[in-house]
J.: 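Have a look at this one before I ask anything.
Numbered from 1 within each chain, the chains take letters A, B, ... in sequence-line order.
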There are 2 protein chains.
Amino acid sequence: MSSNVRRPYDPAVRRAAVVAAVMAATERLLAGGVSFTELGIKQIAAEVGLARSTFYLYFSSKTELVLRLVEALHSPNWESSEGTPVDLEAITEAYRTGIAFFRERKLVLAAVLEAAAYDPEVGAAWEGYRRKFVQREVGLLRAEQAAGRTPAEVDAQAAAEVIIWGGFQVITHHVTTRGPERDDIIAQELAANQYYGVYRRGVRG
Amino acid sequence: MSSNVRRPYDPAVRRAAVVAAVMAATERLLAGGVSFTELGIKQIAAEVGLARSTFYLYFSSKTELVLRLVEALHSPNWESSEGTPVDLEAITEAYRTGIAFFRERKLVLAAVLEAAAYDPEVGAAWEGYRRKFVQREVGLLRAEQAAGRTPAEVDAQAAAEVIIWGGFQVITHHVTTRGPERDDIIAQELAANQYYGVYRRGVRG
DNA sequence: GTCAAGGTCGGACACCATGTCCGAGTGAAC
DNA sequence: GTTCACTCGGACATGGTGTCCGACCTTGAC
């Protein structure tokens, strides 16, 4: 670390910079209206200013590029389920945040969804991404049930899958195909659906 | 290797028979564990007993084959929204039927979902398929609101999208990745979620 | 039995994408 | 000036799609 002061470029840093440049270039090209499937390595490399063969010095395949894009969708904020209040307003706000998050990354999101459908590796990565949310949801639900606030008849696993899988689909489809005009309304409906449909199922609101 | 399809006199009938044979062969190959993307025209043609070039006498492209597969997912039963009672048991039963329907066709369903993600034409067809359900749901919701049984604050369009888009995702993902063991539980959760989350939102059950 | 026509075969082609490989060039470090 | 790491750019192998066409049946008409 301290011995190579004379080198202007730390190889690892430089490498990371190139990787980031490739990802940025990909997003830029996607912004031009091309779908990820239509996008060839040739075009991506050209956009960064690299030879096509040089691309393969940084990514072993197109699949690996997408896997990096999946990583770019991770947000540290969502990891903890602690301090998550179960009330309608808080849930609505969480959905607003989530929608805004994906809207900012909608091009990458669309590319990932596209690749996840036909590339098993990407599919597994995306599945793992969602699994975290399902598990967190199951935990929250069980806690609510233990506290007697959510009916014990609710199947926590199935309910969590319905909420997360369904919610992801609504958000991703909405964000990748429409403008932000109805973001708030969608957030409210998702939240109300979750709150009255699961957390306070059959309870007067 | 000659065609194993009998030749009825009527050219149109014979043509339809070949088309059907190709679709059946595709499903047969998918049953072998190959994904639709991996499946080449060459293999499909060979499975039917046709030359690859002959395939193109019946389908202009792989896309057209998928579009026919989308059509194969249509069920005449679902078109009418008349006589649909809004009670928890009826909704649960409807979900059970839907899940069973897609489970029987899960290979075709998986192929369609795969292609819809990267082929714009297929994507549009699948989008149209779902749109019918959304519209039907909006109609039902508005009627319930007019009758004063569903809160007026519910945004019918957004709620319908949440229910249909989300429900489709849950059902398709469940059916294409898991066995039938939990079909009933999933149906119950979807139904309860819809009933208490939208139709009788905030009403004691 | 002959013959024309519709339909099929099978392979060649053009095209394009991925991923591999390698010799030649370039620029910074020493 | 030499070395070394990196990059370039193009050739290759491979495999897919969709087109095209001449050589073949098989069928039905006569």
Side-chain angles (χ1 to χ4, degrees), chain A residues 3-22 25-26 29-30 34-69 111 114-115 117-122, chain B residues 1-22 25-26 29-30 34-69 111 114-115 117-122:
Chain A
S3 61
N4 48 15
V5 182
R6 286 187 289 185
R7 289 188 179 177
Y9 305 114
D10 181 338
V13 171
R14 200 185 54 76
R15 190 179 171 81
V18 175
V19 167
V22 169
T26 303
L29 288 169
L30 290 170
V34 207
S35 81
F36 184 71
T37 306
E38 293 162 354
L39 211 55
I41 305 295
K42 192 178 176 180
Q43 297 168 64
I44 296 173
E47 175 74 17
V48 196
L50 291 177
R52 194 174 70 90
S53 60
T54 307
F55 170 91
Y56 287 101
L57 295 176
Y58 292 91
F59 299 90
S60 67
S61 64
K62 203 177 174 183
T63 294
E64 196 182 317
L65 170 56
V66 194
L67 292 178
R68 301 304 298 267
L69 293 177
E114 203 179 310
Y118 66 83
D119 185 323
E121 270 191 81
V122 180
Chain B
M1 207 190 293
S2 66
S3 171
N4 53 15
V5 178
R6 290 264 305 155
R7 292 184 173 184
Y9 285 9
D10 184 343
V13 171
R14 198 185 57 77
R15 193 178 169 82
V18 175
V19 166
V22 170
T26 303
L29 289 170
L30 290 170
V34 208
S35 80
F36 184 71
T37 306
E38 292 163 356
L39 211 54
I41 304 295
K42 192 178 176 180
Q43 294 166 255
I44 296 174
E47 175 73 16
V48 197
L50 292 177
R52 194 175 69 91
S53 59
T54 307
F55 171 91
Y56 288 100
L57 297 176
Y58 292 92
F59 299 89
S60 66
S61 66
K62 206 176 174 185
T63 294
E64 195 181 320
L65 169 56
V66 195
L67 292 178
R68 302 304 298 267
L69 293 177
E114 204 178 309
Y118 65 82
D119 185 322
E121 271 191 79
V122 180

J.: Output all residues satisfying ring pair (Phe, Tyr, Trp, His ring centres under 6.0 Å) with B:Tyr56, sequence neighbours left out; order by chain, then residue number.
T.: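 With neighbours one apart ignored, the set is empty.
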J.: State which residues pass side-chain contact (heavy atoms from CB on, under 4.5 Å) with B:Ala25; sequence neighbours excluded, sorted by chain then number.
T.: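 With sequence neighbours excluded, B:Ala25 shows a side-chain contact (heavy atoms from CB on, under 4.5 Å) to B:Arg28, B:Glu47, B:Val48, given in chain and number order.
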J.: List the residues meeting side-chain contact (heavy atoms from CB on, under 4.5 Å) with B:Ala111, not counting sequence neighbours, and say none if there are none.
T.: B:Leu30, B:Phe36
J.: Take the protein atom OH of A:Tyr56 and the nucleotide atom P of C:dC21, then report the distance between them rounded to whole Å.
T.: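 Between P of C:dC21 and OH of A:Tyr56: 13 Å.
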J.: Tell me whether the OP1 or OP2 atom of C:dG7 has a side-chain N or O from B:Tyr58 closer than 4.0 Å.
T.: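 No.
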J.: Suppose we screen for side-chain contact (heavy atoms from CB on, under 4.5 Å). Which residues come up paired with A:Ala51, at least two apart in sequence or across chains?
T.: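 By the side-chain contact (heavy atoms from CB on, under 4.5 Å) rule, A:Ala51 matches A:Ser53, A:Thr54.
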J.: Show me the protein contacts with nucleotides 8-11 of chain D, counting only N or O atoms at under 3.5 Å.
T.:
unit_1, atom_1, unit_2, atom_2, d
D:dC8, OP1, A:Gly49, O, 3.4
D:dC8, OP2, A:Ala51, N, 3.1
D:dC8, OP2, A:Thr54, OG1, 2.6
D:dG9, N7, A:Ser53, OG, 2.9
D:dG9, O6, A:Ser53, OG, 3.0

J.: Using a heavy-atom distance cut-off of less than 4.0 Å, which residues of residues 37-45 of chain B contact DNA chain C?
T.: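 Residues of residues 37-45 of chain B that come under 4.0 Å of DNA chain C do not exist, since none gets that close.
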J.: For B:Ser61, enumerate each residue passing the side chain to side chain donor-acceptor pair (under 3.5 Å) test, keeping only those at least two apart in sequence or located in another chain.
T.: none
J.: Who passes ring pair (Phe, Tyr, Trp, His ring centres under 6.0 Å) against A:Tyr58, sequence neighbours left out?
T.: none
J.: For B:Gln43, which residues count as a side chain to side chain donor-acceptor pair (under 3.5 Å) partner, sequence neighbours excluded?
T.: none
J.: Below 4.0 angstrom, which residues in residues 59-68 of chain A have at least one non-hydrogen atom near DNA chain C?
T.: A:Ser61, A:Lys62
J.: If the condition is side chain to side chain donor-acceptor pair (under 3.5 Å), which residues does B:Ser35 pass it with, not counting sequence neighbours?
T.: none
J.: A:Lys62 and A:Ile41: which non-hydrogen atoms are nearest, and at how many Å?
T.: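 Closest heavy-atom pair between A:Lys62 and A:Ile41: CG-CD1, 3.9 Å.
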J.: Specify the separation, in whole Å, of atom OH of B:Tyr118 and atom P of C:dA17.
T.: 16 Å
J.: Please give, in whole Å, the distance from D:dA5 P to A:Arg14 CZ?
T.: 13 Å
J.: Among residues at least two apart in sequence or on other chains, which ones pass side chain to side chain donor-acceptor pair (under 3.5 Å) with A:Glu38?
T.: none
